[in-house]
Amino acid sequence: MKASEMEYRLKFFLDNGFQRKECKVCKTPFWTLDRTREDCADIPCSDYHFLDMKEGSLNWSVSESRKKFLEFFRKRGHEIIPPKPVLARWREDLYLTIASIVDFQPYITSGLVPPPANPLVISQPCIRMDDVDNVGITFGRHLTTFEMGGHHAFNYPDKFVYWKDETVSYAKEFFTKELGISEDLLNFKESWWEGGGNAGPSFEVTVGGLELATLVFMQYEISAGDYVPLKLKIVDTGYGIERIAWFTQKTPTAFHAIYGNLVDTFFDKLGQPRVDSELLRVASRFAGRIDPDNISTLVEHRNLVAKALGIPVDVVKDELNRAARIFQVLDHTKTVALMLGDGLVPSSSGEGYLGRLLIRRALRTLKFLGTDVKLSELVKLQINFWGYDFPQLLRNRDYILDVVDVEQEKFQELISKTSSLSEFLSKSKRSIGLEDLVELYDSNGIPPDIIADELRKKGIQIEVPHNFYSIVAKRHQVAPLKKDKDTLKLPEHIINEVKDIRATEALYYKDQYARSFDATVLLSKSKYLVLDRTLFYPEGGGQLGDQGWIILNGDRVRVVDTQKVGDIVVHILDREINLEKGMRIEGEIDWERRFRLMRHHTATHVVLAAAKKLLGDHVWQAGAEKTPQKARLDITHYKPLTAEEIRKIEDMANSVINDRRPVRPFEINRVEAEMKYGVSIYEGGVPNKANIRLLEIEGWDVESCGGTHVWNTGDIGAIKIVKTEKIQDGIIRLEYVAGDMVSRYARELEDKLVNVSSKLETSSDQLEMKVEKLLREHQEAKNLIAYYRKEALELLSRSIQERSINGIRLIILPQIKDQELEKELMRRLTSQSKTLVVHITQTNGELRVDLGTSRDIDVKGVVERLKEMGGKGGGRGTFGSMVVANKSREEIIDYIKETIERGGL
RNA sequence: GGGCCGGUAGCUCAGCCUGGAAGAGUGUUCGGUUGGCAUCCGAAAGGUCCCGGGUUCAAAUCCCGGCCGGUCCA
């Protein structure tokens, strides 16, 4: 959508003498006070001239830039809001926090929930993976992590805060007064923004080539391709905190401004000579001309730098490539620290994969730099550097460093495979092509440049195409997309019929211990029944739906399941009853089943919190299921649990039970809940409501939950963890039983013990001793068999009868039951040259003939002859095997003799 | 969630394509060489060829299903 010019023609501009001009390069309109300006002062239409400006040379660090930004807006009526984690765990449509507005979507931006303050200001650390390939080579234009300073105003129809003029005025004031940039250097470039289903006009604030902020005016919702005006008009600004720091410091690259002395420390740690500042500064100045997708622009850039400095282009290339690698490591180690600090567990799927990707990229670069420095050491430097700004780095320091070490070990294992694989490839006669590289990367994860590097050492040249990763991506695109439609437990027509009924009153929340109730029928259609209120809990949050009975006129009808459609509860009966609307009925839930479900559900919260307290903040629920029989909980964790850890979790859980802690559900507005308890309340899933139900286990755990729970942890009775397994990389599954199911579990174990004991004819008390004895006896028996085999071998090889036919030594063995012995004997006898050994044995009605020959004879001749005689089978070289029907032992021997006589061998 | 690769001696793996007597290196034990160690020489022990089914006279090998591990993509 092209916004109309009027959207940008602000009173502020007209009152302050700004002119609308058009960039001579990109033709984009922009507003400026500078009558001579011809371009929009943004890359690539302009180089980074700001590096040569005197304005705003204040030397602000990132930390100071953030503080100045927040303070400026706080003094102008904005409340400072703390940032959220870089993992967007309060929503299910995003893995990473990619912008400050993400914190307020979708419930605040849609107007369902009020914002935590209005207007507000925030500095939100963000992670974007889009440009991960370009980090470093553009000297700071692309980063995977940055802080977005945002001041936001939410304008409601009945409550206006501020809109475009004020926003632009704030920007002008901030940049002129705080940064000391003269106002005719400021440009407001007209632009259009779309994202997350919203859209609106925007201004990009550019100075000397650098875009310092984007001012977005969210006013449309994109619905089926149409732009529908939003009820709420939202000021969504993004100030680049790192760019502000760079602008005020005018360091050679953005990395110098962000990481300060860490830049030199990294060069030294990685054993790389530092790169000349002037060279970097010039490289930065022209960095806007680099289009990473177009390799020729990179070559041009290097040429340009070489020309400007009068240095050979090869030297420029080497120096800048080395610097780019260091910058990439700087960037990735910070991003990794932030992700892990907020609880990411590297894995092969989901957000965990994004973390692993960054770690692997950093490790790969370390390998190319030829350093054996541990990645965790570099991450440690980042933790020390950023720990004050992001305390979660210090809090989770041990976890971060350990997990990085574990990932490095895994990567090294991978790389060690590379040499044997490349050995194999280089030995194979065929030429090694792109297909091999793709194959190795896709199925073994070996980066193509590493394989190419390895092969080069062996003298095999192989080119890795620049678009390698898009080739891989393409290969995956052709994979068929299987849609996994939820198997609905309710038929379509029932859902349609039911969805307009009013919400069912949830008696199961009013009193979680109530067992019977009365209600009025709202809809009764074959096996499906909707009431005005119910005690039957509908399946949700991993808790199964209730079972029980509906009682009408003393007749009990079984309820086999309970489901919900929105807020409407549907009872599923075991037979069809068609009741009239308005009829009164009674209901009773299957209390024993329900109580077991409640115990297992509350137990799940207890166990999760225990695991978290024991293992660390990175433990996050990745799935759960509660049945009356048992419960299971999947948690994110990077190592298998040790036996001690499992016991500790169990002990902690049981001590919470013995503590008899109150368990209290309550309703709260979601923004308040997030501010008070953090986003970990969403472990079990993100509810789709403005007001959410929280469950608090006093002093232990607070979590969003819609299930039914016991009122006190004492009611769980007991917890026994019965199984743990790694279900995929980075995810551990815990299975446990609670309450009376612990007794049932113990009984099952007991039964197994008794069963095994009786089979071994002993008591369960003496089972271990008995097993040891049996194992010993088994070993002794094996030894004895080996002894007898040896004896038999001697005896047999001495007693065999051999005859010589046509220069061939023919040996007919007697029938031997022991196949091992037979083979052993053949092997021994055929070690003499010109020997044919025959073994004939009876197998269900047929004769099985095994033939063994010494190496100078091929078994083929005899095999062919026996085939002609109706035998089935074959063989090759020195061994053959046939099955012959309707022939006697003697006949077969005659055939063989005859074959030898004819010289058929 | 989808794709690809793998599972053989304690460990690292070959054999599988093209079905036909289960292999190598390393480690272990024993013996020899040596004043002793390293080294070297010789021998032995060590196997559910991941599990289940199918095809076949015959399956580590081919086919189907499952389990486990790795990896790429989303």
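For the numbers below, each heavy atom of this structure counts, side chains included, while hydrogens, waters and symmetry mates do not. Just so it is clear: chains get the letters A, B, ... in the order the sequence lines come, proteins before strands, and each one is counted from 1.
Legend: residues meeting side chain to side chain donor-acceptor pair (under 3.5 Å) with A:Asp103, ordered by chain and number and at least two apart, are absent. Under the side chain to side chain donor-acceptor pair (under 3.5 Å) criterion, A:Arg828 pairs with A:Glu794, sequence neighbours left out. For the salt bridge (Lys or Arg N to Asp or Glu O under 4.0 Å) test, no residue two or more places apart in sequence or in another chain qualifies with A:Lys367. Residues that satisfy the salt bridge (Lys or Arg N to Asp or Glu O under 4.0 Å) test with A:Lys887, not counting sequence neighbours, are absent from this structure. Applying the salt bridge (Lys or Arg N to Asp or Glu O under 4.0 Å) criterion to A:Asp856, with sequence neighbours excluded, gives no partner residue. For A:Lys860, there are no side chain to side chain donor-acceptor pair (under 3.5 Å) partners two or more places apart in sequence or in a different chain. The salt bridge (Lys or Arg N to Asp or Glu O under 4.0 Å) search around A:Arg364 returns A:Asp449, not counting sequence neighbours.
Look at CZ on A:Phe411: it is 16 Å from P on B:rG70, rounded to the nearest Å. Rounded to an integer number of Å, the gap from CD1 of A:Ile446 to P of B:rC4 is 19 Å. If you measure from atom CG of A:Leu354 to atom C1' of B:rC72, you get 13 Å, rounded to the nearest angstrom. Atom-to-atom, NZ of A:Lys887 to P of B:rC57 comes out at 17 Å; the value is rounded to the nearest Å. Note: CG (A:Leu866) to C1' (B:rA58) measures 15 Å, nearest angstrom. One atom, CG of A:Asp729, and another, P of B:rG1, lie 14 Å apart when rounded to the nearest Å. Nucleotide B:rG69 holds its P atom 12 Å from the CD1 atom of A:Ile731, rounded to whole Å. A straight line from CG of A:Asn886 to C1' of B:rC57 spans 15 Å, rounded to a whole angstrom.
Side-chain nitrogen and oxygen atoms of A:Arg356 include none within less than 4.0 Å of the OP1 or OP2 phosphate oxygen of B:rC72.
Screening A:Thr97, A:Val102, A:Val686 against A:Arg91 for a side chain to side chain contact (heavy atoms under 4.5 Å, CB included) leaves a single residue, A:Val102.
Spacing of P atoms, B:rU48 relative to B:rA22, comes out at 15 Å, to the nearest Å. Distance check on atom C1': B:rC5 versus B:rG20 gives 28 Å, rounded to whole Å. Of the C1' atoms belonging to B:rA9 and B:rC4, the separation is 29 Å, rounded to the nearest Å. Taking the C1' atoms as reference points, B:rU61 lies 11 Å from B:rU8, given to the whole Å. Across B:rC13 and B:rG47, the matching C1' atoms stand 15 Å from one another, rounded to whole Å. When the C1' atom is compared between B:rC37 and B:rG46, the two are found 28 Å apart, to the nearest whole Å. The same atom, C1', is picked in B:rG23 and in B:rA14; the two are 7 Å apart, to the nearest Å. B:rC41 and B:rU34 are spaced 16 Å apart, taking the P atom of each and rounding to whole Å.
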Considering only distance and modelled atom types, tabulate donor-acceptor pairs under 3.5 Å from the side chains of residues 866-878 of chain A, sequence neighbours left out.
{"from": "A:Glu868", "atom 1": "OE1", "to": "A:Arg865", "atom 2": "NH1", "distance (Å)": "3.3"}

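Pair assignment for B:rG1 gives B:rC73, based on Watson-Crick or G-U wobble hydrogen-bonding distances that are each under 3.5 Å. Under the Watson-Crick or G-U wobble criterion, with both distances below 3.5 Å, B:rC13 is paired with B:rG23. Here B:rA43 sits opposite B:rU29 as a Watson-Crick or G-U wobble pair (both hydrogen-bonding atom distances under 3.5 Å). Applying the Watson-Crick and G-U wobble criteria (two distances, each under 3.5 Å), B:rU61 pairs with nothing in any strand.
Listed by first then second residue, pairs satisfying salt bridge (Lys or Arg N to Asp or Glu O under 4.0 Å) with a partner in residues 808-818 of chain A read A:Arg789-A:Asp818, A:Glu802-A:Arg809, not counting sequence neighbours.
Checked against B:rC57, B:rC72, B:rC68, the side chain of A:Glu725 finds its nearest nucleotide in B:rC68.
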What string of B, S and - do you get for nucleotides 17-23 of chain B, 5' to 3', if B is base contact, S is sugar-phosphate-only contact and - is no contact with any protein heavy atom under 4.0 Å?
---BBSS

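Residues A:Arg128 and A:Phe146 approach most closely at NE-CZ, 3.6 Å, considering heavy atoms.
Looking at which nucleotide of RNA chain B each of A:Lys872 and A:Ile727 is closest to, the 5′-most match is held by A:Lys872.
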Any protein N or O atoms within reach of nucleotides 43-45 of chain B? Criterion: under 3.5 Å, listing atom names and distances.
none

Are there any protein N/O atoms within less than 3.5 Å of an N/O atom in nucleotides 7-12 of chain B, and if so, which ones and at what distance?
none

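The aromatic rings of A:His618 and A:His637 sit parallel, their planes meeting at an angle under 30°, below the 60° perpendicular limit.
Judged by distance alone, the side chain of A:Asp634 and the main-chain N or O of A:Ala622 form no donor-acceptor pair under 3.5 Å.
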